[in-house]
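Scope of the values below: all heavy atoms of this structure, side chains included, with no hydrogens, waters or symmetry mates. In this chain, residues are counted from 1 in sequence order. As the structure is a computational prediction, the values presented were derived from the model and not from experiment.
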Amino acid sequence: MQETRVQKLTLAHPLTYKRERFSFNELIRAMLSEPTGTDSFIKLKIGYNDSGAVFEYLDSGKKTPLTKEEKDRIEAGFSPIIRSTDNTEIPAATYYFEQFPDLSEESLLTITLAGLMSRKSDSDVIFLRLYKENSLELIMQGFRPCTSR
C-alpha cells in the first residue's frame with residue numbers, strides 16, 4: 001500500500017497574485033524561464049464524466065519574486081504585503097495539501113491529483129501552485145479546500 005503524502009495545511013493569509021491566463025502546460029513552460037522565487041497558481045474545477053475526471057480552468061496568476069522588504073516583513077511575523085497589481089488569490093483557509101515529487105503533464109493530472117481528489121470536500125476546486133525553487137527546480141503543490149462539516 002502506498003503511503004499518502006496528503007496533509008492538512010492552514011493558510012493564515014491568502015497567497016496573492018497578478019491574474020494571468022495560463023493553461024497548465026503553458027504555466028509549466030512559462031515558469032521554467034522565470035527567475036528563482038517566482039510563484040504562480042492555476043485554479044481548476046473538478047468534474048466527472050463517463051471516462052473519469054475532467055478539469056475546467058477557472059483562474060490563474062503569477063507573482064514575481066519577493067523583494068527584501070517583503071521577505072523581512074514575513075520573517076518578522078507580519079502579514080504579507082498585498083501588491084497593487086495582485087487581483088487574484090489562493091484564499092486563507094484550511095486545505096488538504098500535497099507536494100508532488102515530479103511535475104506532471106495536463107494529461108496526467110487525474111493520476112497526480114488522485115490523493116487530493118479522494119479527500120472529502122464540499123468544494124470541487126483544486127489549486128495547483130508552482131514555485132521556482134532554484135534555477136533548475138520547480139515545486140508543484142496541490143491545495144483542496146477541506147470539508148466544512
Side-chain angles (χ1 to χ4, degrees), residues 3-47 53 55-106 108-149:
E3 185 179 324
T4 182
R5 297 177 304 259
V6 177
Q7 304 170 30
K8 280 193 176 180
L9 173 76
T10 299
L11 292 178
H13 304 284
L15 301 175
T16 59
Y17 303 86
K18 179 182 178 194
R19 181 171 282 124
E20 294 187 36
R21 186 169 177 89
F22 296 103
S23 71
F24 179 76
N25 290 334
E26 289 170 339
L27 183 58
I28 290 175
R29 282 192 303 275
M31 287 294 289
L32 290 172
S33 63
E34 292 293 337
T36 297
T38 301
D39 190 1
S40 63
F41 86 102
I42 189 166
K43 179 180 178 182
L44 301 170
K45 179 179 179 182
I46 310 165
F55 299 97
E56 177 187 341
Y57 169 89
L58 296 176
D59 197 10
S60 55
K62 187 169 62 170
K63 183 177 227 162
T64 56
L66 298 177
T67 64
K68 181 174 179 354
E69 176 190 6
E70 290 171 318
K71 288 179 187 176
D72 290 348
R73 180 179 169 88
I74 292 167
E75 288 172 4
F78 295 102
S79 62
I81 295 170
I82 297 176
R83 298 173 180 175
S84 62
T85 56
D86 290 349
N87 55 3
T88 189
E89 67 182 22
I90 299 175
T94 299
Y95 293 94
Y96 294 112
F97 168 82
E98 186 172 1
Q99 185 159 304
F100 304 99
D102 298 305
L103 291 180
S104 186
E105 292 181 23
E106 197 162 0
L108 300 174
L109 279 179
T110 300
I111 295 166
T112 304
L113 299 175
L116 286 175
M117 290 171 26
S118 69
R119 301 301 169 144
K120 183 176 169 62
S121 177
D122 295 335
S123 176
D124 57 359
V125 169
I126 284 186
F127 295 92
L128 294 178
R129 178 182 184 220
L130 276 76
Y131 182 78
K132 183 81 176 255
E133 182 80 11
N134 58 49
S135 61
L136 300 174
E137 191 172 19
L138 283 178
I139 303 298
M140 186 168 90
Q141 301 170 331
F143 298 80
R144 181 162 191 205
C146 290
T147 183
S148 59
R149 294 179 198 144

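- From I42, atom CD1 reaches atom CD of E106 across 7.0 Å, with rounding to the nearest 0.5 Å.
- Atom CG of L128 is separated from atom CZ of F41 by 10.5 Å, given to the nearest 0.5 angstrom.
- Without hydrogens or angle criteria, R144 side chain to R119 main chain gives a donor-acceptor distance under 3.5 Å.
- Side chain of T88 to main chain of Y17: no donor-acceptor pair is present (N/O by atom type, distance under 3.5 Å, no hydrogens or angles).
- A heavy-atom distance below 4.5 Å is found between the side chains of I46 and F55.
- Listed by first and then second residue, the salt bridge (charged side-chain N to carboxylate O under 4.0 Å, His left out) pairs involving residues 127-140 are D39-R129 (not counting sequence neighbours).
- Looking at heavy atoms from C-beta onward, I81 lies in side-chain contact with E69 at the 4.5 angstrom threshold.
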From CA spacing to verdict: side chain to side chain contact (heavy atoms under 4.5 Å, CB included), F97, L11: CA-CA 11 Å; F97 168 82; L11 292 178; over 6 Å; no
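- Once rounded to the nearest 0.5 Å, the distance linking CG of N87 with CD of E20 reads 9.5 Å.
- Between T16 and R83, the closest side-chain pair of non-hydrogen atoms is not below 4.5 Å.
- Taken from CE in M117 to CD in E98, the straight-line distance is 11.5 Å, to the nearest 0.5 Å.
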Walk me through whether I82 and E89 qualify under side chain to side chain contact (heavy atoms under 4.5 Å, CB included). CA-CA 10 Å; I82 297 176; E89 67 182 22; 6.0 Å; no
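- Side chains of T64 and K18 form no contact here, defined as non-hydrogen atoms less than 4.5 Å apart.
- Summarising the geometry, atom CD1 belonging to I139 is positioned 10.5 Å from atom CE belonging to M31; distances are rounded to the nearest 0.5 Å.
- With a 6.0 Å radius and a threshold of 12 heavy atoms from other residues, nucleotides or ligands, R21 has its CZ atom at or below the threshold.
- In this structure, a donor-acceptor pair under 3.5 Å is absent between the side chains of T36 and S135.
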Before giving the answer on side chain to side chain contact (heavy atoms under 4.5 Å, CB included), spell out for F22 and I28 the whole-Å C-alpha distance, their side-chain angles and the decisive distance to 0.1 Å. CA-CA 9 Å; F22 296 103; I28 290 175; over 6 Å; no
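- Counting heavy atoms from C-beta on, the side chains of Q141 and L9 never come closer than 4.5 Å.
- Screening V125, D124, D59, L109 against L44 for a side chain to side chain contact (heavy atoms under 4.5 Å, CB included) leaves a single residue, L109.
- Aromatic ring centroids of Y95 and F143 lie under 6.0 Å apart.
- The shortest side-chain heavy-atom distance between T10 and K8 does not fall under the 4.5 Å cut-off.
- For the atom pair CG (L113) and CG (L108), the distance works out to 10.5 Å, reported to the nearest 0.5 Å.
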